[in-house]
Structure formats: structure tokens, C-alpha cells
There are 2 protein chains.
Amino acid sequence: MTGSIALNLRIEVAPLAIRAERLEALLVREPTGWRLPGGLLETGENLDAAARRHLTEQTGLDEAYLEQLYTFSPSESAAGKLAVTVAYYALLARDAFPDEPAADGRGQMVWSPVAALPDSLRDPVGIVTLAHRRLASKLAYSTIALQLMPERFTLTELQAVHEIVSGETLDKRNFRKRILALDCIEATGDAARRGGHRPARLYRAKRSGQVDFIK
Amino acid sequence: MTGSIALNLRIEVAPLAIRAERLEALLVREPTGWRLPGGLLETGENLDAAARRHLTEQTGLDEAYLEQLYTFSPSESAAGKLAVTVAYYALLARDAFPDEPAADGRGQMVWSPVAALPDSLRDPVGIVTLAHRRLASKLAYSTIALQLMPERFTLTELQAVHEIVSGETLDKRNFRKRILALDCIEATGDAARRGGHRPARLYRAKRSGQVDFIK
DNA sequence: TATATTAGTGTCGATTCTACACTATTGCGG
DNA sequence: CCGCAATAGTGTAGAATCGACACTAATATA
């Protein structure tokens, strides 16, 4: 009933964030190109913890929302060895990562738009694409978009995140009605004065860090 | 970046079916009680194939709808070894399994209502409970319930399956309107005459074996 | 032939969704 | 300081969908 075999159990994490009006993934350099952060499971470590550890060690990012995506076992496993990959995705709030990834002792990193990944990661059934799809579908029935927002944000910014992830433009009034009815955000009281126009009211998540299901 | 470690990678499958107006799971005997069908991954084998193989070998059931559920790594892993379990669930059509599991050379088996599992499997975050939840939520946005139906079935039977899985009673007319509007089933032309009452029209899935997403 | 039992069918009000346009407030430049 | 450019913020009405609800139809059996 029990036993053990030579196994290559990798964990890979697709770290996603909104940058420059696009959904982007953070990649780390490997000798032959770019890859997602990840690595092996350590003895006694649990999968969620390992995903978080690899993400933090390789990118310096902490404070991400992490969720398991799927477990892959490509048929082309190395001879005599099993290759199994447990995939996660991480959502980074806009104020949880620097504008440009600083390679402070760590390997080189790059943000890549998910719509234009390097060849090695461009795959219609790959982790990043799957993560994007999962995220887009969760927009409809959860408050997951808040995980991509900074601590304080405007409704226009939140709408932009929804539009970027879903790829569809939304009506401003309908969006506001719908979001406010969810009772998941609250006005902070002050406003963002950015640019030569009327300031926008700033909101914050009511239950920050928590993803609620809707309806 | 690559390597391998002593690892206990199990696959477990929760085989689910509607029996006696309940959702039940098929369990196999182990020395200390009951467990879900499952076992280890073989070299060169892919996870889906392994799940199907263990299910077939241990229960004799083929022709199930299989879907990966989640990958678990309990913190209480045996000392020095990692315990990782990839969980699947299997949906058995009503005509794809015998009324009582025949232990033809195989170990003993039992169908257990998911609401009354043996202690060893009763777990609010366990595989069977999770599979039940996944199935119930998929009722709302897919045609997955058809995987639990025999080849030909009545609308009343299909409604009963929805009610059993979701735990909610449904309005007969609204249910029929909704299902027929999905264009996922078609009348076979003949009727089921069972008992002293008006016979029911028999339907079949239009795209049998395939689970469509709704809307 | 009467009875019991399940199959099968439509409407209406309530709710939700969707499309749609103008006023408000600021910064900046002339 | 005044006008302009730019974004914020707000309500309504028609369409579509949802949900409640009750009777007739067809068969087996006694």
C-alpha cells in the first residue's frame, strides 16, 4: 500500500499582476531562457508552504494570494523518472512589488505580458494560460480581483482590473452598482488627486486578504 | 533545478454514483477499514491514466468520467518521507456499474452514502466531501449531471439527480424549461412504461461523454 | 370502470440585467 | 482668473430572466 519511487516533483508558481494596463507574469532567468518560479518540495514541507517559499526565495515577493491550480504529469517524463508538477498561481497586489524587479543577489527577472510570453512558456494548456482562465472565471463569482489591488484604490482602477483580466469592457455605472452591492469594499473617506481632473474616492477591501464567494 | 527525492505519491479516486436516491461513494476494503480506490503512480504513466487504471483494477469499473480534484500534502507526512496525494473523482453512469459490487477476485467493496461515510473517511475537507462540493457547483454551469445518468433517462430522473446532488428541491416546470433550453439532451422517441401511471418520454445526451459549459 | 400514480404543460409578477448621457470637480495653461 | 481638458460620479427605463404556481394526460391495477 505504501512505497516510494524516484520522482521529480516540482512546484511551479505563476506570479500574476496588473502592470501597464496588462496582466503580466513574473519570470525568472534560467540558463536556457525564462521559467516560472518554482522548485522541489522539501521533506516535511507542505505544498502550499513550498509554493510560497519558492516564490519568496526566487522573486523576493511576499504577501501574495496563492492558490493551487492543477497537477500536471507530462507524458514525456524523463526516462525512468516521473515528472509531476503541481502548479500554483500567485496574485500580487499593485503595492506588493517594485516597478522593476531588482535582482538583489537573486537571478534576473522579467515581467512578461501573459499575452506575449516567451516561446518556452507560450502554451495554450500551460500554467500561465490556465491561471489566467481560472482568474477570469473567478471574477464572476468571487471577490478575487481585490487581491490584485493596492490597499487603497479607486473604482475606476478596480474596473480596469476586471476589464484587463476578462478582456471585456464594462459599463461604468453597472460595474459600480454591482461591486458596491457586494458589500466587499468601503470608502476610506479621502480621495486620490492625480492629474488635472476631479479626484476619485478611495476605497479599501472590507475583508482584505480574504476572497469571498458571491451569491 | 532538477533532482529527485523519496516521495510517496498516491493517487486516490472518489467514485461517485446515484444509488437509492442518494449520492454514494464506492469504497474498497483495506486491512484496517475502508479506503478510496487508488495507489501509486507507475514510471512513465500519466496521472489521469493512473487514476483510471487504479479505479478499473480495484473496482472493475470502466467508462467513468474522471476529473482531477486537488493535490494534498498533509503536514503529518511520515518521517523523512513526503506524502502527496493527487485526488480525483469519478462519476459513474447508472448503467455502468452493477447493483451490488461483485468482488470477483478483487477485494471487498461497499457503496457508502457520502453523507454517512465510515469514520476513517468522514472529513469536512476530505476528498469525498470536496468532490461532492465540486460536483454540486458544476451543476450550475455545466452539463456534468449527465455523466451520472444511464444512456436513456427521463426528465424526472434527471431532476432527481440534480436534487440529490445539490440537496435542494426544484420546481418541475422550471427545471424542464431550463434543461431543454440548454440543448444538451434530445428525446429518443420512445417512452419508459414503469408502473401504473403515464409513461415518461426517454431522453439521451446529445454529446454523450462530453461535459459542456453553460452560458 | 374507478382509482392511484406519475408525466407533462404555460402564465404572470418580481427581479435582475443592460443600455445609455449628463453634471461635478479638479489641474493647467493662456 | 477663466476657460478647457480630463476623469469622477450618478439614475432610469426597457428587456430579459427567474421563480412561483395548478391542472390535465396517460397508464396499471384492483
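All values derive from a computational prediction rather than experimental measurement. Every chain is numbered from 1, with letters handed out A, B, ... down the list of sequences.
- OP1 or OP2 of D:dA8 sits under 4.0 Å from a side-chain N or O of A:Thr156.
- With rounding to whole Å, B:Phe175 atom CZ is found 19 Å from D:dT17 atom P.
- Separating the OH atom of B:Tyr203 from the P atom of C:dA7 is a distance of 12 Å, rounded to the nearest angstrom.
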request  = Could you give me the CA-CA distance, side-chain angles and deciding distance for A:Leu180 and A:Tyr203, then say whether side chain to side chain contact (heavy atoms under 4.5 Å, CB included) is met?
outcome  = CA-CA 10 Å; A:Leu180 293 174; A:Tyr203 289 81; 4.0 Å; yes
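- At whole-Å resolution of the value, CZ in B:Arg198 and C1' in C:dT6 are 9 Å apart.
- Atom CG of B:Leu170 is separated from atom P of D:dC18 by 14 Å (rounded to the nearest Å).
- For B:Arg173 against D:dA22, a side-chain N or O and a base N or O form a donor-acceptor pair under 3.5 Å.
- The B:Asp171 side chain lies nearest to D:dC21 when the options are D:dG9, C:dA7, D:dC21.
- Between A:Arg176 and D:dG9, a side-chain N or O to OP1/OP2 separation shorter than 4.0 Å is present.
- Map A:Gly196 and B:Leu180 each onto its nearest nucleotide of DNA chain C; the residue landing nearer the 5' end is B:Leu180.
- Among the heavy atoms of the strands lying under 4.0 Å from A:Arg201 are primed sugar atoms or P, OP1, OP2 only; no base atom is included.
- The listed nucleotides are C:dG8, D:dT10, D:dC21; the one nearest the side chain of B:Lys172 is C:dG8.
- Side-chain to base pairing of A:Arg178 with C:dC17: no donor and acceptor N or O lie closer than 3.5 Å to each other.
- Using a 4.5 Å heavy-atom threshold, the side chains of A:Ser120 and A:Arg35 count as separate.
- At a threshold of 4.0 angstrom between heavy atoms, the contacts of A:Arg193 with the nucleic acid are absent.
- Residue order along DNA chain D, read from the 5' end via each residue's closest nucleotide, puts A:Arg194 first among A:Arg194 and A:Lys177.
- Atom CD1 of B:Ile214 is separated from atom C1' of D:dT17 by 15 Å (rounded to the nearest Å).
- Within 6.0 Å of the CZ atom in B:Arg193, the count of heavy atoms belonging to other residues, nucleotides or ligands does not exceed 12.
- Across the interface with DNA chain C, nearest-nucleotide mapping of A:Asn174 and B:Glu157 shows B:Glu157 to be the residue nearer the 5′ end.
- Inter-residue side-chain proximity for B:Trp34 and B:Ser112 is flagged as unmet; no heavy-atom pair is nearer than 4.5 Å.
- Residue A:Lys215 contributes atom NZ, which lies 14 Å from atom C1' of D:dG19 at whole-angstrom precision.
- Both B:Pro199 and A:His197 lie near DNA chain D, and the one whose nearest nucleotide falls closer to the 5' end is A:His197.
- Two residues are said to be in side-chain contact when any heavy atoms from C-beta on lie closer than 4.5 Å; A:Val86 and A:Leu69 fail this criterion.
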